[in-house]
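Reviewing the structure listed below.
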Amino acid sequence: MNLLDRSRTIAPAGYNRWLVPPAALAVHLSIGQVYAFSVFKNPLIDRFESSHTSIAIIFSIAIVMLGLSAAFGGKWMERNGPRKAMALSATFWVSGFLVASLGVSLGQLWIVYLGYGFLGGIGLGIGYISPVSTLIKWFPDRPGLATGLAIMGFGGGAMVASPLTARLLDTYAATPAEAIVPTMLTLAAIYAVLMTAGAVVIRVPAPGWKPEGWIPSVKKKSMQTHADVSATKAIRTPQFYLLWIVLFANVTAGIGILEQASPMIQDFFTSVTPATAAGFVGMLSLANMAGRFGWSTLSDKLGRKRTYMMYLGVGALLYGSLAAFGGSAIALFVTLTFFIVSFYGGGFATIPAYLKDLFGVLEVGAIHGRLLTAWSAAGIAGPLIVNGIADSLSARGVEGAAMYLPSLIVMSCILVVGFIANMLVRPVHERFHEVVVPPHQTVPDPAVADQSLPDQPLVAAATKES
């Protein structure tokens with residue numbers, strides 16, 4: 001187990017930092033399979049003879065546990081390092097598939113909830129945050145690029161998993177419903193290998209390391225701090241809760257489409273086959289991945305607040321357009337959903353850099369983990385809005401695209417709320433900043449504060465500044 005200790009992952013002098021992103025990608029491509037869950041959805045409905053909502057609960061539990069495990073595991077990960085976190089993530093994620101396949105085999109839906117939802121969700125949360133703060137430390141000169149590199153694999157996981165899952169479901173048995181168990185076991189084996197490889201390769205920079213030739217900017221930006229805020233203090237700031245609303249709005253809107261992507265396009269257009277729908281899910285995965293890298297990298301130039309204005313403001317307009325015109329042509333439907341999901345992915349990749357700007361790098365991983373509780377809430381809200389409305393209208397005899405139009409309008413309104421919250425974000429007040437005492441100085445005892453100033457350099461400095 002010593003191989004998993006943080007001390008064993010400190011990079012030697014001259015280590016190439018560009019070896020770290022592939023390690024992050026190996027983990028995020030694996031856990032990104034959750035975005036291909038909709039490929040399992042119809043086979044699970046047939047296997048258990050259940051409603052859309054009861055199967056969507058599997059996905060919702062996984063996302064809830066993602067946020068909770070990230071919130072509680074953030075500080076643990078900062079202390080123990082990314083390698084141990086990646087190993088723990090692999091254990092839970094792979095176990096989730098194994099237990100879920102057992103539940104399907106026994107015909108017990110609650111075991112699937114326990115496996116893919118609960119256990120798998122813990123693996124999702126720990127795996128999601130494990131490389132983020134590490135890459136921010138490796139790329140202090142380009143934090144938006146760093147978080148894009150860390151998180152784009154999570155969006156791209158479905159691009160691989162969706163067609164692979166569809167092919168396995170078609171290959172292993174006469175019907176997809178009968179092929180769920182061997183498909184899950186195959187995916188578990190693949191992800192065990194990938195995530196183990198990522199954990200072996202990952203490294204953290206040595207204390208005091210910085211990129212060769214890079215000099216930290218002394219030019220202050222309006223939304224950027226040059227101080228640090230602890231995770232404990234961060235949750236006392238209004239900025240934390242405004243960003244919570246921003247992330248919740250962005251995720252709720254995007255996840256509603258992703259969780260229902262395969263059935264939705266088939267309901268909008270009856271000519272779309274399940275295989276084509278699986279390809280659509282893979283295309284959305286590409287949009288998710290491209291947005292995570294492209295838009296977050298753009299945020300280094302544009303600024304985080306302006307970038308979120310685009311995600312939320314333009315996203316609201318796109319949702320309205322999807323409700324009004326999306327059913328008129330497949331090409332328009334695909335184009336609108338592509339950009340909606342790219343903004344969804346970009347929001348995930350940009351939020352750690354936004355947090356770094358506002359709260360510094362001291363405990364950005366732990367702060368990010370706590371903010372991901374917004375993802376947990378959105379993981380419940382998004383699927384319930386879309387599936388709840390669809391099931392309700394379907395019970396009343398409504399079919400096709402009409403089942404989704406009210407939920408698309410609701411998503412547009414939610415994005416407007418997030419847009420307003422983002423506009424209210426301001427720099428963190430100095431009272432929340434951590435006080436850094438130079439090694440050669442000591443904090444004076446208030447009881448002796450009136451003694452001679454030469455023995456109290458901090459008091460002398462404060463007096464001079466005042």
Original post:
Minimum heavy-atom separation for Q239 to R426, with atom names?
Top reply: NE2-O, 2.8 Å
Original post:
Between the main-chain N or O of A316 and the side-chain N or O of S412, is there a donor-acceptor pair closer than 3.5 Å?
Top reply: yes
Original post:
About how many Å separate CD1 of I245 and CD1 of I414, when rounded to the nearest 0.5 Å?
Top reply: 12.5 Å
Original post:
For Y354, which of F240, Y308, F348 qualifies under ring pair (Phe, Tyr, Trp, His ring centres under 6.0 Å)?
Top reply: Y308
Original post:
Does S392 reach the main-chain N or O of G388 with its side chain, forming a donor-acceptor pair under 3.5 Å?
Top reply: no
Subject >> Donor on one side chain, acceptor on other, T373 and W244, under 3.5 Å >> reply: yes
Subject >> Nearest-0.5 Å distance, NZ of residue K233 to CZ of residue R431 >> reply: 11.0 Å
**OP:** Would you check if E434 and V229 make a side-chain contact, meaning some heavy-atom pair closer than 4.5 Å?
**Re:** no
**OP:** Find out whether M423 and M309 are in side-chain contact, i.e. whether some heavy atom of one side chain is under 4.5 Å from a heavy atom of the other.
**Re:** yes
Original post:
Under a 4.5 Å cut-off applied to non-hydrogen side-chain atoms, are V386 and V410 in contact?
Top reply: no
**OP:** Check whether any side-chain heavy atom of L98 sits under 4.5 Å from a side-chain heavy atom of L102, and report yes or no.
**Re:** no
Subject >> Worked check of side chain to side chain contact (heavy atoms under 4.5 Å, CB included) between Y311 and N422 >> reply: CA-CA 10 Å; Y311 295 155; N422 180 60; over 6 Å; no
Subject >> Distance in Å, E78 CD paired with L362 CG, rounded so as to fall on 0.5 Å steps >> reply: 8.5 Å
Subject >> I235 backbone acceptor or donor facing Y241 side chain under 3.5 Å >> reply: yes
Original post:
Okay, side chain of R17, backbone of W138: is any donor-acceptor separation there less than 3.5 Å?
Top reply: yes
**OP:** Would you confirm whether N16, through its side chain, and W18, through its main-chain N or O, come within 3.5 Å as a donor-acceptor pair?
**Re:** yes
Subject >> Between CZ on residue F72 and CE on residue M77, distance to nearest 0.5 Å >> reply: 16.0 Å
Subject >> Shortest non-hydrogen contact between V201 and L19, atoms and distance >> reply: CG1-O, 3.7 Å
**OP:** Evaluate the side-chain proximity of F280 to T337: yes if any heavy-atom separation is below 4.5 Å, no if none is.
**Re:** yes
**OP:** Give a yes or no answer on whether the side chain of K305 reaches the backbone of V425 with a donor-acceptor pair at less than 3.5 Å.
**Re:** yes
Original post:
So, does Q33 use its side chain to make a donor-acceptor pair with the main chain of A161 at under 3.5 Å?
Top reply: no
Original post:
So T232 and K75, side chain to side chain contact (heavy atoms under 4.5 Å, CB included) or not? Walk me through it.
Top reply: CA-CA 10 Å; T232 302; K75 277 208 167 187; 3.9 Å; yes
Original post:
Should V112 and F48 count as side-chain neighbours, where that means a heavy-atom distance under 4.5 Å?
Top reply: yes
Original post:
Quick check: does any side chain N or O of R142 sit under 3.5 Å from a backbone N or O of D300, one acting as donor and the other as acceptor?
Top reply: no
**OP:** Apply the test side chain to side chain contact (heavy atoms under 4.5 Å, CB included) to residues I389 and M403: give CA-CA distance (whole Å), side-chain angles for both, the deciding distance (0.1 Å), then the verdict.
**Re:** CA-CA 7 Å; I389 292 175; M403 292 193 301; over 6 Å; no
Original post:
What are the two closest heavy atoms between K41 and A56, and how far apart are they?
Top reply: NZ-CB, 4.0 Å
**OP:** Hey, could you give me the OG/CG distance between S130 and L135, rounded to the nearest 0.5 Å?
**Re:** 9.5 Å
Original post:
Are the side chain of R6 and the backbone of N80 linked by a donor-acceptor contact shorter than 3.5 Å?
Top reply: no
Original post:
Do any N or O atoms from the side chain of T9 and from the backbone of R203 form a donor-acceptor pair under 3.5 angstrom?
Top reply: no
Original post:
Taking it one step at a time, do N250 and I351 satisfy side chain to side chain contact (heavy atoms under 4.5 Å, CB included)?
Top reply: CA-CA 11 Å; N250 196 60; I351 202 70; over 6 Å; no
**OP:** Run the numbers on Y15 and W209 for ring pair (Phe, Tyr, Trp, His ring centres under 6.0 Å), then give the verdict.
**Re:** CA-CA 11 Å; Y15 184 79; W209 177 90; 9.4 Å; no
Original post:
Which atom pair, heavy atoms only, marks the closest approach of S89 to I31?
Top reply: OG-CG2, 4.2 Å
Original post:
Judged by modelled atom types alone, do T307 and W295 share a side-chain donor-acceptor pair under 3.5 Å?
Top reply: no
Subject >> Heavy atoms of other groups near F118 CZ, more than 12 under 6.0 Å >> reply: no
**OP:** Have a look at Y116 and tell me which of F92, F59, W110, W93 forms a ring pair (Phe, Tyr, Trp, His ring centres under 6.0 Å) with it.
**Re:** W93
**OP:** Measure the shortest side-chain to side-chain distance between L169 and P43 over non-hydrogen atoms and say whether it is less than 4.5 angstrom.
**Re:** yes
Original post:
Is the F154 ring parallel, tilted or perpendicular to the H28 ring (thresholds 30°, 60°)?
Top reply: perpendicular
Subject >> Within-4.5 Å side-chain heavy-atom neighbours: I57 and L109 >> reply: no
**OP:** Would you give the length of the straight line joining atom OG of S162 to atom CZ of F37, rounded to the nearest 0.5 angstrom?
**Re:** 13.0 Å
Original post:
How far apart are the closest heavy atoms of T350 and G346, and which atoms are they?
Top reply: OG1-O, 2.7 Å
Original post:
Which atoms form the tightest heavy-atom contact between I255 and Y344, and what is the distance?
Top reply: N-CE1, 3.7 Å
